Amino acid sequence: MRYATIDLAAVTRNIEAMRALVGPASTMAVVKANAYGHGAVPVARAALEGGADWLGVVDLDEALELRAAGVEAPVFAWLHDPAADFDVAVEHGIDVGVSYLDQLERAAAASGRPSVHLKVDTGLGRNGIAPADWPAVFAAARAHESAGRLEIRGLWTHLAGADDDAQLDRFDDARAAAAAAGLEPEFVHVGATGAALRNPRARLDLVRLGIGTYGISPFDDTDAAGLALTPVMTLSATVVSSKRVAAGTGVSYGHDYVTDRETTLVLVPLGYADGIPRHASSRGPVSINGTTYRVAGRVAMDQFVLDVGDDVVSVGDRAILFGDPSTGVPSVDDWATAAGTINYEIVTRIGNRVKRVYAGPTPPVPARGEAS
Ligand SMILES: *Cc1c(COP(=O)(O)O)cnc(C)c1O
């Protein structure tokens, strides 16, 4: 009764649209966190169909999930347990991000020759080699590379979205320091969706496209349509109860909502355990049969209520929380606003009880006798 319908054709189109804009830079479809809640393996396949060159994940377990499903494209994983087993990365052909000297030493000690992308901190203050350490770490990396213990395939950083140009200047310094140490990485990369779409300087060899892949805008001043992107996820549930109640009926925990007239209450079986933000209580928009209602009272763990007045809503009708707003339903952005958060958080939190249903064109079946 709970569905996240995933439009895989939209994933393919979104990648194509962004590739057209950022070319000749290569593209990495970021499918971490179960593809932002959309399902890592099917989204990865649809992104590759759209011409993505790489897949990006956070850790090796996520990378192995792709490999286990038979995905053979280049995969990059960048945040590791301090005891991460880089032998596995070599064995499965997974490129790894390396952010500090001890991690570099671990990679160098792995059996085989790990493919490493050195991460530099240019001003986000998270992972990455601090500028003062660049000369020493780059020299160590070059020594390991010369000895055949690893390959330095990339040099990269991540932006804070505060002063991108200052960070890009610092990244130029990192490139110069890497070159001075004798490193010649094949891929220098910086931009996620936001910088990739708006700042040509951040495109370089490769861009890492997360949120745009899902048809969601990273910007406050433009929605997905403004970026020619199509929302991928539609979240809906079956109405499981519909009943007439008298004026003065309290609704949900604490009775934050009390009916002011005789009306119809309907029950939607999605709650905060499914990722529906409790902060969107009394605010979250939900469309049923073409009309948008607001959540009445508190979102509970498994369910919430809508007051639909005298509209006829029946058990079995479909309640749509968000989807493609060009079809008249609320958007992920509407839910982010209702909950006081960002659109990224809305989709990534959709829980496991919500069944992912993959829509989109099924691959053509070769005609009988036709060579495939
Ligand atoms: C998540 C992530 C991305 C993708 O960011 P979007 O804003 O979703 O495009 C890119 N690079 C890194 C390092 C990330 O963690």
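Nothing here was measured: the structure is a model prediction, and the numbers come from that model. One-based numbering, in listed order, for ligands and for the atoms of each.
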Colleague: I need the nearest protein heavy-atom contact for atom 7 (O) of ligand 1: residue, atom name and distance, please.
Modeller: Tyr344 OH, 2.6 Å
Colleague: Contact between Leu48 and Leu55 at the side-chain level, heavy atoms closer than 4.5 Å - yes or no?
Modeller: yes
Colleague: Taking both backbone and side-chain atoms of Ala192, is any N or O found less than 3.5 Å from an N or O belonging to ligand 1?
Modeller: no
Colleague: Taking 4.0 angstrom as the limit and counting only heavy atoms of Trp78, give me the atoms of ligand 1 inside it, by number and element.
Modeller: 12 (C), 13 (C), 14 (C), 15 (O)
Colleague: To the nearest 0.1 Å, how far is atom 2 (C) of ligand 1 from its closest protein heavy atom, and which atom is that?
Modeller: Lys32 NZ, 2.6 Å
Colleague: What residue and atom, counting heavy atoms only, is the protein's closest point to atom 4 (C) of ligand 1, and at what distance?
Modeller: Tyr36 OH, 3.4 Å
Colleague: Is there a nitrogen or oxygen of Lys119 sitting under 3.5 Å from a nitrogen or oxygen of ligand 1?
Modeller: no
Colleague: Do me a favour and list the nearest non-hydrogen protein atom to atom 11 (N) of ligand 1 with residue, atom name and distance?
Modeller: Arg208 NE, 2.8 Å
Colleague: Report the part of Trp156 in contact with ligand 1, treating N, CA, C, O as backbone and CB onward as side chain, heavy atoms under 4.0 Å; options are side chain, backbone, both, neither.
Modeller: side chain
Colleague: Tell me whether Glu16 is salt-bridged to Arg13, with the criterion being a basic N under 4.0 Å from an acidic carboxylate O.
Modeller: no
Colleague: State yes or no: are the ring centers of His117 and Trp54 separated by less than 6.0 Å?
Modeller: yes
Colleague: Counting from 1, what ligand 1 atoms have a heavy atom of Gly210 closer than 4.0 Å?
Modeller: 4 (C), 6 (P), 8 (O), 9 (O)
Colleague: Ser287 side chain to Ile320 main-chain N or O, any donor-acceptor pair under 3.5 Å?
Modeller: no
Colleague: Any chance the side chains of Asp223 and Ser217 put a donor and an acceptor closer than 3.5 Å?
Modeller: no
Colleague: Is there a donor-acceptor pair closer than 3.5 Å between any side-chain N or O of Asn34 and the backbone N or O of Tyr36?
Modeller: no
Colleague: Any idea which part of His158 is under 4.0 Å from ligand 1, heavy-atom wise: side chain, backbone, both or neither?
Modeller: side chain
Colleague: Assess, by modelled atom type and distance only, whether the side chains of Thr337 and Asp334 contain a donor and an acceptor separated by less than 3.5 Å.
Modeller: no
Colleague: So, Asn343 and Tyr214: side-chain donor and acceptor under 3.5 Å apart, yes or no?
Modeller: no
Colleague: So, regarding Gly212 and ligand 1 (criterion: nitrogen or oxygen to nitrogen or oxygen, under 3.5 Å), is there a contact or not?
Modeller: no
Colleague: Among protein heavy atoms, which lies nearest atom 9 (O) of ligand 1, and at what distance?
Modeller: Thr193 OG1, 2.5 Å
